[in-house]
Amino acid sequence: MRSTRARRIEIAARRYLAKALGKTPVHILHIGKTGGTPIDPVEAHRTPDDMDTRLTPAARANILNWYADDYALVMAIDALRQKRGRA
């Protein structure tokens with residue numbers, strides 16, 4: 001699970017690379033010609049509605065630890081943007 005901000009950075013980076021390489025997001029994301037997502041819940045990797053998706057405090061700590069470098073990078077970028085007045 002990534003933060004919304006980290007996901008936005010990833011999407012922006014993919015768009016930048018796609019433009020720089022002359023490819024569309026469809027090519028970068030390996031989406032089929034139909035451009036759609038699978039309808040089948042298993043193929044689409046959807047979580048069942050009745051499944052509890054809450055994280056325990058230990059699970060949350062593990063995720064924060066796993067992505068610690070990513071969070072540090074995002075915070076450094078935010079600090080730089082604020083310093084330059086682009087928040």
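- In this view, Asp52 and Arg54 satisfy the side-chain hydrogen bond (donor to acceptor under 3.5 Å, both in side chains) rule, not counting sequence neighbours.
- Residues meeting the side chain to side chain contact (heavy atoms under 4.5 Å, CB included) test with Pro48, sequence neighbours left out: Asp50, Met51.
- Take Leu73 and apply the side chain to side chain contact (heavy atoms under 4.5 Å, CB included) test, not counting sequence neighbours, and it matches Ile77.
- Every pair tested for salt bridge (Lys or Arg N to Asp or Glu O under 4.0 Å) that includes a residue from residues 60-73 fails, sequence neighbours excluded, so the list is empty.
- The hydrophobic cluster containing Val74 also includes Ile9, under a criterion of side-chain heavy atoms closer than 4.5 Å among ILVMFWY residues, counted directly or through chains of members.
- Distance check, rounded to the nearest 0.5 Å: OH of Tyr71 to CG of Asn65 gives 11.0 Å.
- Partners of Ala79 according to the side chain to side chain contact (heavy atoms under 4.5 Å, CB included) rule, which considers only residues two or more places apart in sequence or in another chain, do not exist here.
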